[in-house]
Amino acid sequence: MVPAVNQIEVHPYFAQRQVQQFGAAHGILTQAWSPIGGITFYREGSHGSTLDDPVIGAIARAHGKSPAQVTLRWGLQEGRSVIPKSTKPTRIAENIDVFDFELSADEIAAVDGLDTGRRGGPEPGAVTLEAYGREIPDA
Ligand SMILES: NC(=O)c1ccc[n+]([C@@H]2O[C@H](COP(=O)([O-])OP(=O)(O)OC[C@H]3O[C@@H](n4cnc5c(N)ncnc54)[C@H](OP(=O)(O)O)[C@@H]3O)[C@@H](O)[C@H]2O)c1
């Protein structure tokens, strides 16, 4: 028995290819959290917000789309489930409006090339009951 879906951090700056390949080999769909790179927005230094990335920006301009739309389209074309979050109706509509354009293989490769291997969220191994102190009543 394998899970149907594995939800992990995936965005242009952290692609987790080995985890994705393992999932693909075992029939597990990778679902990206932070698919437009929300986890990167407020960090300092290089590779801060993915939405400010010049490579993504150039692709967005070429298609008349936003950087968020390009990033979501990159995830979909690579076969992932993507679950962006927005509190704003206009952005929710924008994030769904990604089915009227297609990234070329070169554009996909350019976004792939942005991977830094730098995780934004916590290391999964560090997420323990001891660290977070949560009771799971029925466990
Ligand atoms: N399994 C896990 O461990 C885990 C961890 C984190 C998150 N998640 C789930 O994954 C979902 C998405 O992750 P996330 O919220 O970290 O990242 P995200 O969807 O990549 O980014 C969310 C951020 O992007 C902004 N945004 C959304 N659409 C935009 C657009 N079109 N243009 C510009 N900015 C835009 C949002 O601001 P506004 O709201 O102001 O638009 C918010 O600051 C969450 O809803 C959460 O349920 C799961």
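Atoms within a ligand are numbered from 1 in the order they appear, just like the ligands themselves.
Judged by distance alone, the side chains of E107 and H63 do bring a donor and an acceptor atom under 3.5 Å apart. Defined by atom type and a distance below 3.5 Å, a donor-acceptor pair is present between the side-chain atoms of R73 and Q77.
The closest donor-acceptor contact from the side chain of K65 to the backbone of D97 lies under 3.5 Å. No side-chain donor-acceptor contact under 3.5 Å links S49 to the backbone of T40.
Nearest non-hydrogen protein atom to atom 28 (N) of ligand 1 is N95 ND2, 3.0 Å. The closest protein non-hydrogen atom to atom 24 (O) of ligand 1 is F41 CE2, 3.1 Å. With hydrogens left out, the protein atom closest to atom 6 (C) of ligand 1 is W33 CE3, 3.1 Å, a heavy atom. With respect to atom 11 (C) of ligand 1, the closest heavy atom belonging to the protein is I83 O, 3.3 Å. In terms of protein heavy atoms, atom 45 (O) of ligand 1 is closest to K85 CB, 3.1 Å. With respect to atom 37 (O) of ligand 1, the closest heavy atom belonging to the protein is R91 NH1, 3.3 Å. In terms of protein heavy-atom proximity, atom 40 (O) of ligand 1 is closest to K88 NZ, 2.5 Å.
Closest approach of T50 and G37 over heavy atoms only: OG1-CA, 3.5 Å. Closest heavy-atom contact between E9 and Q16: O-NE2, 2.9 Å. Heavy-atom minimum distance, I56 versus P12: CD1-CG, 3.8 Å.
Taking every heavy atom of I36 and a limit of under 4.0 angstrom, the matching atoms of ligand 1 come to 18 (P), 20 (O), 21 (O), 24 (O), 26 (N), 27 (C), 28 (N), 29 (C), 35 (C). For ligand 1, the atoms lying closer than 4.0 Å to a non-hydrogen atom of T87 are 38 (P), 39 (O), 40 (O), 41 (O). Close contacts between ligand 1 and A68 involve ligand atoms 30 (C), 31 (N), 32 (N) [criterion: under 4.0 Å to a heavy atom]. Shown in contact with Q7 at under 4.0 Å from a heavy atom are these atoms of ligand 1, numbered in order with element: 1 (N), 2 (C), 4 (C), 48 (C). For ligand 1, the atoms sitting less than 4.0 Å from at least one non-hydrogen atom of L51 are 33 (C), 34 (N), numbered in the order shown with element in parentheses. Proximity to S86 (heavy-atom distance under 4.0 Å) selects the following atoms of ligand 1: 27 (C), 28 (N), 38 (P), 39 (O), 41 (O).
The shortest N/O to N/O separation between G38 and ligand 1 falls below 3.5 Å. The distance criterion of under 3.5 Å between nitrogen or oxygen atoms is not met by Y42 with respect to ligand 1.
Heavy-atom distances between G37 and ligand 1 reach below 4.0 Å in at least one pair. Between P35 and ligand 1 there is a heavy-atom distance shorter than 4.0 Å.
With atom 14 (P) of ligand 1 as the reference point, the heavy atom nearest to it among S34, P84, G121 is part of S34.
In this structure, OG1 in T71 is found 6.0 Å from CG in L51, a value given to the nearest 0.5 Å. Atom CG of residue D100 and atom CD of residue Q69 lie 7.5 Å apart, to the nearest 0.5 angstrom. Atom CD1 of I36 and atom OG of S86 lie 7.5 Å apart (nearest 0.5 Å).
The aromatic rings of Y13 and H11 stand perpendicular to each other, their planes meeting at an angle above 60°, with 30° marking the opposite boundary.
The side chain of E94, and not its backbone, has at least one atom closer than 4.0 Å to an atom of ligand 1 (non-hydrogen atoms only; side chain from C-beta on).
At most 12 heavy atoms of other shown residues, nucleotides or ligands fall within 6.0 angstrom of atom CZ in F22.
In this structure, atom 47 (O) of ligand 1 has no protein heavy-atom contact shorter than 4.0 Å.
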